[in-house]
Structure formats: structure tokens, C-alpha cells
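The block underneath contains the structure these notes are about, expressed in C-alpha cells.
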There are 2 protein chains.
Amino acid sequence: MSLRNILLGMLSSPASGYDLKRQFNQGLRHFWAAELAQIYPTLQKLEKDGLLAASMEPPAQGPPRKVYRRKGTGSKAVREWLKEGPQFRRDRISYLAQVYFLDELPNAADAKTFMLELRAGIESQLTELRTIEQGWKSDDPRYPDEAFYPHLTLQLGLTRLAATLKWCDESIARMEQRN
Amino acid sequence: MSLRNILLGMLSSPASGYDLKRQFNQGLRHFWAAELAQIYPTLQKLEKDGLLAASMEPPAQGPPRKVYRRKGTGSKAVREWLKEGPQFRRDRISYLAQVYFLDELPNAADAKTFMLELRAGIESQLTELRTIEQGWKSDDPRYPDEAFYPHLTLQLGLTRLAATLKWCDESIARMEQRN
DNA sequence: CCAACCATGTAACTGGTTACATGATTTA
DNA sequence: TAAATCATGTAACCAGTTACATGGTTGG
């Protein structure tokens, strides 16, 4: 259900499915990912439901694009989604499930290897996020003021990853004390 | 795929589907939730695949239970899952998707209401987690030493929620400055 | 001309949720 | 005896992923 709302939100200005995928990669992928194979059918459904209008546009260059425009009903749907209040869907954290069972590894060194790999993964996510922020800064000098709420989401991403990294270090230290 | 591995991990001692659901509610629900409608068929599949053995056991009291036992192949599968290294599946955060589009609300007061509700939700998750920790403490006085890794997962939950709460407060403050 | 990229789509499958069905046992 | 809880399951559906198919356009 959420992808529908997200696409509606992104369509405050007209865009094609391919455009939207690019936007996902730039601004939303740190808290939401979507594949084209899911985006295209969802847009078709939104058009059928009367929330979007579609038109084929042969552009100045490149292959023909199907551009979607948000209708009044579409904008209303976004506002209703936001007025429902925050949605707390229990998110699953795969690697935490693994940490939970780490005692199943008979060799303590294997558990430590796991945690070091985890730390490395989190750290690379952190640098990735900082790269996104740099991109935003260079795209528009008015950032972060011109993108107030997107900036907030990025801040939470950075904050959480920093906290997770700290947790990794503390956990590894405790594992060493445990021996 | 992960639920299979989690169930295998939980079955270091024999249990029924219903037991496992209870364990989910106690120890894992802060990073993974599962319904009985998913647990039962998954256990059946694991039995069919030869990783678990099942036996009907008419207990001293209560209705008959189907108890599953992990076989050697099952334990091996858990170790292999852990040796693959940490799985980073991009987690989706619904409420962040909503925050991203909060400018769609024409009335700034509505956006603030949203953030306050978000803060309240996070806070209640935090108290819920602290309640779980208290439960663990009273269940076993040796905690957290006897449950080292489960304790670590709880710590991350607490750390992240505290960080998120701080972010909420800072964000609300920025929104007020923005006017 | 070929590789890389732009652009749209369908089909099959997996994982997970919601709703429903059934019945035994325990407790108030 | 009625309600709550224990206990196991199936069916229909929804969301999301992976793999595949197709073809236009641009740049080396």
C-alpha cells in the first residue's frame, strides 16, 4: 500500500516510471527501495483508479516516455495518507536475527568475524549516505533549506547508522571481555 | 528464507509452533515478527526437507501438541546461515516515507501533529522494550550473562530508539524555528 | 556497428498478512 | 456453561523480487 502513496507523493511534478526509479535511487533508497518491475504496474493501477493521468510523450531526445501527472484526487490521497498519522510497521532486521543466534557457532572467532563484517557493512552504508548528502549539496546550494523534510529523513539515517556503529564497537569489546 | 533459519535457531531445544510464537513475542518481536499462519507451514516444510523431526505429544495438561526437534542437518543449516555473514536487507521505514512528503500538508500545524504522534509512538516502543528487558531480568537472575547475544540485540533496539527519539525532538525544534 | 543506456513492460515466484475453520482444555 | 486460552491448520490475498522480453537512442 505504501508504494502507491510514495509514488503519488513523488508526482508533485510529472514524471515517468523511469524518472521515479532514478529519484528512488537518489533520495529515498536509504529508507525505501523499489524496482521498476513494481513501479510500472503500480503506476498503471493508479491511473486506472483515477489518481493519475498518463500521456505518451516523444521527447526531444531519447525513446518515447510515458509521463504521469497527479490529478486532484491523487493529491488528496497523499494528504489523507499523511493525516492518518505515522505508520509503525514492525521492520525486520535480518542481521539482528543472526546476532541473536551467534552462540550456535562453536568457534568464538567465527562470531567475532561476523561482528567485524557487520561493522564494515554498517560503515559502508554510512559513507554511502554521506555521499548522497554531498550530492544534494552540490545539486542545489540552497540545501538543506529547500528540501527541509528530505533532509530530516537523511539526518535520521545518519543518526541511526552512527548509533549502530557505536553499538558494534561496544559489542565487539564485550565479546572480547567475555573470553 | 530468514524465518526458516530463525525457527531452526530457536529449536536448539524442542518446541511446538505455538511455543515458538510465544518465544517470538518475548524475545524477538523487536526486530522480527511472525504469525502462526506463517510459522505452522514453515515448520511442516522444514520437516519435509529433513531438517526437523515432528512428534505428537499428549501432554499432562492441555490439548495435544506437535513438538519439533532439530536434527543434525538442521543445526548444520543454522551454522551455515551464520557463516554466510551478515545479511543487509534494505529495511523499509514507513513513517520516514511520510516525513519525506510532509510539505504536502498545506497547514504547518498538521505536520507538527504528525511529528508529535511519531515521537509518542517511538516513546511507547521504547518503554515496551524496557518492559521486555525487565521481564528477562526477573525470569533469570543470571541475565544478561546467560543470554549474551539476545541481550546485545536488545541493546541495539534501545540505542536506536533513543537516537530516534532525540531526532524527533531536534526535528520538531527545527520545524518551529522554520516559521 | 556495437555497447551502453533509456524506457516499458510481463511472468513466475517468494514471503508475509488477514481471514477463516476447527476443536480441546481450563477457569470463572 | 460460557468465555478465555491452548493448539493446529487452510485459503485467499497482497507486496515485493527475480528473471525475462522487447525495442529505441546515443556515443565511441
Side-chain angles (χ1 to χ4, degrees), chain A residues 1-8 10-11 14-26 28-29 31-49 52 54-68 81 87-94 97, chain B residues 1-8 10-11 14-26 28-29 31-49 52 54-68 81 87-94 97:
Chain A
M1 190 80 292
S2 273
L3 182 63
R4 276 174 70 96
N5 293 313
I6 292 172
L7 291 174
L8 286 174
M10 292 167 85
L11 282 167
S16 69
Y18 201 83
D19 292 338
L20 292 165
K21 169 65 176 165
R22 221 184 289 118
Q23 274 182 251
F24 263 104
N25 290 344
Q26 279 168 29
L28 294 95
R29 89 157 169 290
F31 61 85
W32 203 281
E35 300 302 322
L36 283 169
Q38 200 193 353
I39 293 172
Y40 286 127
T42 305
L43 288 171
Q44 288 167 16
K45 184 108 202 305
L46 284 166
E47 190 201 352
K48 217 181 65 186
D49 293 350
L52 295 179
S55 60
M56 288 305 295
E57 299 197 358
Q61 16 170 285
R65 299 147 33 81
K66 193 169 177 180
V67 172
Y68 289 91
W81 171 51
Q87 285 167 7
F88 301 94
R89 45 174 273 170
R90 33 180 104 271
D91 44 335
R92 300 186 151 95
I93 310 180
S94 303
Chain B
M1 188 82 293
S2 273
L3 182 63
R4 275 173 73 96
N5 294 314
I6 292 172
L7 291 174
L8 286 173
M10 292 166 86
L11 282 166
S16 69
Y18 202 83
D19 292 339
L20 293 165
K21 169 64 178 168
R22 221 185 287 117
Q23 274 181 251
F24 262 105
N25 290 344
Q26 278 168 31
L28 292 95
R29 90 158 169 288
F31 60 84
W32 202 281
E35 301 302 322
L36 283 169
Q38 199 192 353
I39 293 172
Y40 286 127
T42 305
L43 288 169
Q44 288 167 15
K45 184 109 203 302
L46 284 166
E47 190 201 353
K48 216 181 66 184
D49 293 349
L52 295 179
S55 60
M56 287 306 294
E57 300 195 359
Q61 16 171 282
R65 298 148 32 82
K66 192 169 177 181
V67 172
Y68 289 92
W81 171 50
Q87 286 167 6
F88 301 95
R89 46 175 270 171
R90 33 182 102 269
D91 44 334
R92 301 186 150 92
I93 311 179
S94 302

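Throughout, a chain's letter reflects where its sequence line sits, starting with A, and its residues are numbered from 1.
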* To do: Please determine, by modelled atom types, if B/Ser16 and B/Asp19 share a side-chain donor-acceptor pair under 3.5 angstrom.
  =>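 Yes, a side-chain donor-acceptor pair sits under 3.5 Å.
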
In whole Å, I'd like the distance from the [atom1] atom of [X] to the [atom2] atom of [N].
X	N	atom1	atom2	answer
B/Asn25	D/dC6	CG	C1'	14 Å
B/Asp19	D/dT5	CG	C1'	14 Å
B/Met56	D/dT8	CE	P	7 Å
A/Tyr40	D/dA19	OH	P	19 Å
B/Tyr18	C/dA24	OH	C1'	12 Å
A/Arg65	C/dT8	CZ	P	7 Å
A/Ile39	D/dG16	CD1	P	11 Å
B/Leu7	D/dT8	CG	P	13 Å

* To do: Say whether, by atom type as modelled, one donor and one acceptor occur between the side chain of A/Arg90 and the main chain of B/Trp32 under 3.5 angstrom.
  =>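 Looks like no, no N/O pair under 3.5 Å.
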
**Prompt:** Taking the side chain of A/Leu36 as heavy atoms from C-beta outward, which of C/dT18, D/dC6, C/dT8 is closest to it?
**Reply:**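 Shortest atom-to-atom distance from the side chain points to C/dT8.
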
Report task. Choose from C/dT17, C/dT8, D/dT17 the nucleotide whose nearest atom is closest to any side-chain atom of B/Glu35. Result ->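 Between C/dT17, C/dT8, D/dT17, the one nearest the side chain of B/Glu35 would be C/dT17.
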
### Message
Heavy-atom nearest nucleotide on DNA chain C for A/Ala37 versus B/Gln38: which residue maps closer to 5'?
### Response
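Upstream on the strand: A/Ala37.
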
Quiz item: Given the rule in the side-chain contact (heavy atoms from CB on, under 4.5 Å) test, do B/Ile6 and B/Trp81 qualify, once you have shown the distances and angles that lead to the verdict?
Solution: CA-CA 10 Å; B/Ile6 292 172; B/Trp81 171 50; 4.2 Å; yes

At 4.0 Å (heavy atoms only), tell me whether [X] reaches a base, stays on the sugar-phosphate, or touches nothing.
X	value
A/Arg90	nothing
A/Arg22	sugar-phosphate
A/Arg92	sugar-phosphate
B/Ser2	nothing

- Do any side-chain nitrogens or oxygens of B/Lys21 fall under 4.0 Å of OP1 or OP2 in D/dT8?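 Looking at the OP1 and OP2 atoms of D/dT8, neither is under 4.0 Å from any side-chain N or O of B/Lys21.
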
Gap separating the OH atom of A/Tyr68 from the CD atom of A/Gln44, nearest 0.5 angstrom: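 Rounded to the nearest 0.5 Å, the OH-CD separation comes out at 5.0 Å.
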
Show your working on side-chain contact (heavy atoms from CB on, under 4.5 Å) between B/Phe24 and B/Met10 and close with a plain yes or no. CA-CA 9 Å; B/Phe24 262 105; B/Met10 292 166 86; 3.7 Å; yes

